[in-house]
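FYI, the numbering just counts along the sequence from 1. Not measured: the values here are computed from a predicted model.
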Amino acid sequence: MNLNETSPAKEEATILGTSSDSEQPSPGESLRALLEQTNIAEKLDEDKLKEISQEVSEGFETDLRSRDHWERSLEEWTNLALQVRETKTWPWVNAANVKYPLLSTASMQFNARSYPSLVPSTGDIVKVEVIGKDPTGEKLEKAKRIGSFMTYQILNQMSGWEEDMDKLLIMLPIVGTLFKKTYYSPVTKQNVSELILPKNLVVNYWAKSLDGAERVSQVIEMNKRVLKEKQMSGIYLDVDLGEPQIQANEPNKYVPVPQDSTTPYVLVEQHCFFDLDGDGYAEPYIVVFERFSKKVLRVVARYDEKGMHLDDAGKLQKIEPIQYFTKFSFIPNPDGGFYDIGFGLLLTPINEAVNTLINQLLDAGTLSTLQGGFLGKGLKLKMGENRWLPGEWKTVNTTADDLRKQIVPLPVKEPSNVLLELMGTLVTSGKELASVAEIFVGKMPGQNTPATTTMATIEQGMKVFTAVYKRVYRSLKSEFKKIFDLNGVYLDPEQYANVVDVQIMPDDFNNDNYDVCPGADPNTATQSEKLMKAQGLLELLPTGILDPVKVVARVLEAQEQPNFEQLFTQQVQETGQPPQPPPDPKMMELQMKSQMDQMKAQQDMQNDAFKREMDSRDQKFQFMMKAAEQERDAKHEAVMNAIKERATFHMDQARVQGARAQAAQKVQHTEVQHQQKVQHTKEMSRVQVQAARAKPSASGKAKK
C-alpha cells in the first residue's frame, strides 16, 4: 500500500530529515536511514500519522471481524474446559448442570505426555544439526557448543520460557493454535520468547500463513505507568490518549472505564507493509497504535540490512521482513482457515451431548427421589408448602382412605438405562477421539492381556500424539532459529565462553557460514520406549561391536539422569574409553577355575599323549611280538612241514615197501596158488588117470 500519493519525494525528504531540493538518496541509503531510527513516527507529520492510523485501524477491525465465529467458539471451548458453572432455569430453577470433564482430561493428558518429552529433565532441549560433511568433527563440536549454550539460555536467561511452554502444552489441545513472540529486549539485555494467546494475535481468518499475511496484529494491554515510561524513553510518541476505554456489547461502541491507575490501555502492535520512502514498494514496518483513540505511538522498520536485496546497480529488488511470531499448531484446520483446531472443536459436540444426558439422568433421579404431586381440597390440611423432617409424623383430620384418594403423585420414572448406555457410548467415542482410553491414563489392562498386545495398543494410540509432536517440534525449530539469529547480532562472546567453558569461534552464530542449524528432536518417544530401546542396546553390548561408553550414555540419557556426563569416571571423561574393571572375586574364582580347568586339560592332554605313546609302544611291542610269534610259527610250521614231508616220505617209502612186500607176497601167494593149482591139477589128473584105469577093471568084472 502506497501512502505517499501526493508527493513521494517531499514525503521522503520529510521522513529522512532532508530538504526537497537536496540530492535524493539511493534506495539502499534511504532504507538504512529508516532502519537506524528508533521511532520513525517522530519524523512524520500529523496528516501522515492520521493516514497511517486510519489504515492500520481499519485493517485491524477487518481482520477482527473475519474471525468473529472463531472467537465465539473459542469462548465456548474455554468455558467447557474450565468447567464454568452456569445456573439453569429449565426444566426448573437450579436444575442439574454438570459438565463431564472429557475435554479437560484430554488437555491434561496431552500436557502430561508432551511436557516431559519436549522439555526433558536432563535439560537437553536444543538439538543443533550438522549441515554437510564433517570429516574432522569440528562441526559436531560447534553444534555441541551452540546446543549447550542455547539450552542454558532458554532455561536460565529467558525467564518464563519453561513456564510458557507448560501453559502452551495444556492450552494447545483446547484452542488448537498458540503463538510465541521472539525478540531482543534492550531493557533486560536478553532475548525474549513470550507466549501470545490466539485471542491477542489478530490475523485475517483466511490468511494462508504468518509469513503470507499482510497484517499481523498483537493486542497489548498496557497500564499508564508502563506507557509513560516508554514515552519518556522515546520509544513511543508522547501523545494524549485520553482515558482507557473498553468495548461495549454492541459493535463499535465504547464506554469509559472508572478511573483507576491500573486500568490498561489497549494497544495494537501491527506488523504490516507501507511505502514510506516513496519508491512505490511497500516495506515491512511495525506500527503501534491505541485501539480506541486510533493514535499512532510508534513506527519502526521490520527488516535489517541482510534482508535488503539490491542488484549490482544498487536498485532494490525485494525486502525480506523479520518474522517475530511463531505459530504452534495442534491439528490443521480442514476449512483452510488460519487458526487451527484442537480438541475443543472436535470434542465439544460429544461433550455437550454427554453433559445433556448426565443432567437428564440427574433430573430424573431428583424427581424420582423427592417426588411431588397433587393434593385434593378434601384433605383438610393447611394450604401452602408442607415439608417433613426425617422421622416426623403429622396429625391430620381425615381418614386413611381419604388420604389415599386426595394425594396423587406425579407420574415420574426412574432414570433411563437407555440414556445411561448411550452416555457410556458417547464417552467411549470421545475418549477414542482424544486417545485418552483407560490404558493411557494409568489403568492396568486386563489380567490376561499379553504384553505385546498392550504395547501395540499404546503405540497405536500414540499415533495422534506423534503427529502433533512433529508439528510442535517444527514450531520449536522455527523459534530456536529466531533465537539463533538474535544471538548472532546481540550475543556477548564473553558470556558465551563462560557458559560453554571452551574456546569459542567467531562464526558460531553466523548465518552466512551455514554449518549447523538449531532444531528440536523429532524422534520423540515415551519414557518406556526410551528405556526399552536402551535396554536393547545393553543386550547387544556383549557382541563387542558397540562402544560401551556410548551405550551407557544412551541408557543414562533415556533414564533422564541430569548431567549424566559427570557420572563418568575421570578416565572416561578424558579418554572416552572405559577403565579396566576391578577384580571381581567371582570373576577371579571363575578365572582360577578356568585356569585349573586349563591345567587339568593340559594334564589330560599330557596323559592322553603319554597314553597314546604307551599305546603306540605297546602296539609296536605287540606288533614285534606278533611278528616274532609269526616268525616262530613260520619256523615251526616249516619244521613241521619238513617233518611232515619227512614222515610223508617215510610213509611213502613204507607204503612202497609194503606194496612191494605185498606184491611179492601176492606174487608168492600167486605162485603158491599156482603151484597148488598145478599140484591140484596134477593130483586130479592122477586121480582121473587112476579112475580111468580102474574103470576098465570094473567093467570087466561086471561082465564076468
Full working for side-chain contact (heavy atoms from CB on, under 4.5 Å) between F325 and Q323
CA-CA 6 Å; F325 300 101; Q323 182 59 262; 3.7 Å; yes

Ignoring hydrogens, what is the shortest heavy-atom contact between [X] and [Y]? Give both atom names and the distance.
X	Y	result
L195	L168	CD1-CD1, 3.7 Å
D340	G176	CB-O, 3.6 Å
M150	F480	CE-O, 3.4 Å
N79	K99	O-NZ, 4.0 Å
A213	F273	O-CE1, 4.2 Å
L103	G344	CD1-N, 3.7 Å

How are the rings of F179 and Y339 set relative to one another: parallel (under 30°), tilted (30 to 60°) or perpendicular (over 60°)?
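Ring orientation, 0 to 90° scale: perpendicular.
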
Does [X] reach the main-chain N or O of [Y] with its side chain, forming a donor-acceptor pair under 3.5 Å?
X	Y	answer
S107	S104	no
N156	Y152	yes
K139	I131	yes
R302	C272	yes
Y303	L31	yes
S475	R471	yes
N351	Y100	yes

When rounded to the nearest 0.5 angstrom, what is the spacing between [atom1] in [X] and [atom2] in [Y]?
X	Y	atom1	atom2	result
D547	R554	CG	CZ	10.5 Å
I154	E479	CD1	CD	7.5 Å
K611	D604	NZ	CG	11.0 Å
D164	K181	CG	NZ	13.5 Å
Q602	Q595	CD	CD	10.5 Å
T326	K482	OG1	NZ	3.0 Å

Criterion side-chain contact (heavy atoms from CB on, under 4.5 Å) on I322 and Y183, from CA distance to verdict
CA-CA 10 Å; I322 298 176; Y183 59 95; over 6 Å; no

Option from E194, Q153, K180 for which side chain to side chain contact (heavy atoms under 4.5 Å, CB included) with W161 holds:
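Exactly one candidate clears the test, K180.
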
In this structure, which one of I483, V192, N191, D485 forms a side chain to side chain contact (heavy atoms under 4.5 Å, CB included) with T182?
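Between T182 and the candidates, side chain to side chain contact (heavy atoms under 4.5 Å, CB included) is satisfied uniquely by I483.
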
Does the pair D508 and F149 meet the rule for a side-chain contact (heavy atoms from CB on, under 4.5 Å), with working shown?
CA-CA 11 Å; D508 277 2; F149 176 77; over 6 Å; no

[Y] side chain reached by [X] side chain, heavy atoms, under 4.5 Å:
X	Y	answer
L476	Y473	yes
V555	L537	no
D166	E162	no
Q598	S594	yes
I350	S429	yes
V472	L172	yes
L197	L178	yes
K189	Y490	no

For E129, run the salt bridge (Lys or Arg N to Asp or Glu O under 4.0 Å) check against K142, K477, K481 and tell me which one passes.
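Among K142, K477, K481, the one meeting salt bridge (Lys or Arg N to Asp or Glu O under 4.0 Å) with E129 is K477.
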
Validate the cation-pi geometry between K327 and F338: distance from NZ or CZ to the six-membered ring centre under 6.0 Å, angle to the ring axis within 45°.
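Yes, K327 and F338 form such a contact.
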
Residues K144 and S148: side-chain donor-acceptor under 3.5 angstrom
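Per modelled atom types, K144 and S148 side chains form no pair under 3.5 Å.
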
Verify the distance criterion only: is there a donor paired with an acceptor across the side chains of E76 and T348 at less than 3.5 Å?
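The answer is no; no qualifying pair exists.
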
Show the numbers, then the answer: is there a ring-ring contact (aromatic ring centres under 6.0 Å, His included) between F343 and F110?
CA-CA 10 Å; F343 287 146; F110 177 79; 7.5 Å; no

Over 12 foreign heavy atoms within 6.0 Å of CD, E138:
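No, not enclosed.
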
Heavy atoms from other residues, nucleotides or ligands near CD of Q190 exceed 12 (cutoff 6.0 Å)
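Counting other residues, nucleotides and ligands, CD of Q190 exceeds 12 neighbours.
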
Kindly indicate, with the supporting measurements, whether the criterion side-chain contact (heavy atoms from CB on, under 4.5 Å) is fulfilled by L346 and I331.
CA-CA 10 Å; L346 300 176; I331 299 176; 3.8 Å; yes

